[in-house]
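Reading through the structure tokens given below for one structure.
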Amino acid sequence: MVGRTVRVMSRRPIDHERLREISARFSATPPPRTAAEQDAYDRLEDELIEAMGLTRAEFVHMSATYARLRPAS
């Protein structure tokens, strides 16, 4: 199943430096509680997806695949 996850990834270039910076901000962001926080979270997620070289559809598919592969906590 891991091979399927890899195939979902885009072949577009990944901006690794930008990805690290955005990923750090994304990980440090608490769950949104207000509409304004949700908007900011969505913009940050869009930046993360772009830095990964993915489209929104590819990201959603990859996330769903990862969730199925991940063992329950």
Side-chain angles (χ1 to χ4, degrees):
M1 297 244 350
V2 173
R4 290 183 194 160
T5 303
V6 172
R7 279 187 246 139
V8 172
M9 296 294 291
S10 173
R11 295 198 187 276
R12 286 183 294 281
I14 297 171
D15 183 344
H16 292 281
E17 186 174 324
R18 184 166 179 245
L19 181 56
R20 279 189 293 275
E21 182 267 321
I22 295 168
S23 182
R25 283 192 291 138
F26 190 79
S27 296
T29 302
R33 295 182 309 255
T34 66
E37 288 176 348
Q38 184 65 53
D39 288 343
Y41 182 86
D42 291 343
R43 285 190 303 275
L44 185 57
E45 186 176 68
D46 288 340
E47 283 185 67
L48 183 67
I49 292 167
E50 182 182 322
M52 292 172 78
L54 300 173
T55 65
R56 170 64 70 175
E58 290 168 334
F59 179 78
V60 168
H61 184 81
M62 182 189 71
S63 297
T65 301
Y66 177 74
R68 284 193 306 271
L69 294 174
R70 195 170 177 200
S73 303

Worksheet item: How far does NE2 of His61 sit from OG1 of Thr55, to the nearest 0.5 angstrom?
Response: 10.5 Å
Worksheet item: Roughly how far, to the nearest 0.5 Å, is the CZ atom of Arg68 from the OG atom of Ser63?
Response: 10.5 Å
Worksheet item: When you measure from the side chain of Gln38 to the backbone N and O of Thr34, does any donor-acceptor pair fall under 3.5 Å?
Response: no
Any side-chain heavy-atom pair from [X] and [Y] closer than 4.5 angstrom?
X: Met52; Y: Glu58; result: no
X: Thr29; Y: Leu44; result: yes
X: Glu37; Y: Asp39; result: no

Fill in: Verdict with reasoning, Met62 to Val60, per side chain to side chain contact (heavy atoms under 4.5 Å, CB included)
CA-CA 5 Å; Met62 182 189 71; Val60 168; over 6 Å; no
Discussion item. Could you report the tightest heavy-atom contact between Leu19 and Leu48, atom names first, then the distance?
Written reply: CD1-CD1, 3.5 Å
Worksheet item: Which residue pairs pass the ring-ring contact (aromatic ring centres under 6.0 Å, His included) test with at least one member in residues 15-38, sequence neighbours excluded?
Response: Phe26-Tyr41
Discussion item. Do the side chains of Glu50 and Arg56 get close enough for a salt bridge, i.e. N-O under 4.0 angstrom?
Written reply: no
Fill in: Lys/Arg-Asp/Glu bridge criterion (N-O < 4.0 Å) met for Arg25, Glu21
yes
Discussion item. Do Ile14 and Ile49 land in one hydrophobic cluster if side-chain heavy atoms of ILVMFWY residues count as linked below 4.5 Å?
Written reply: yes
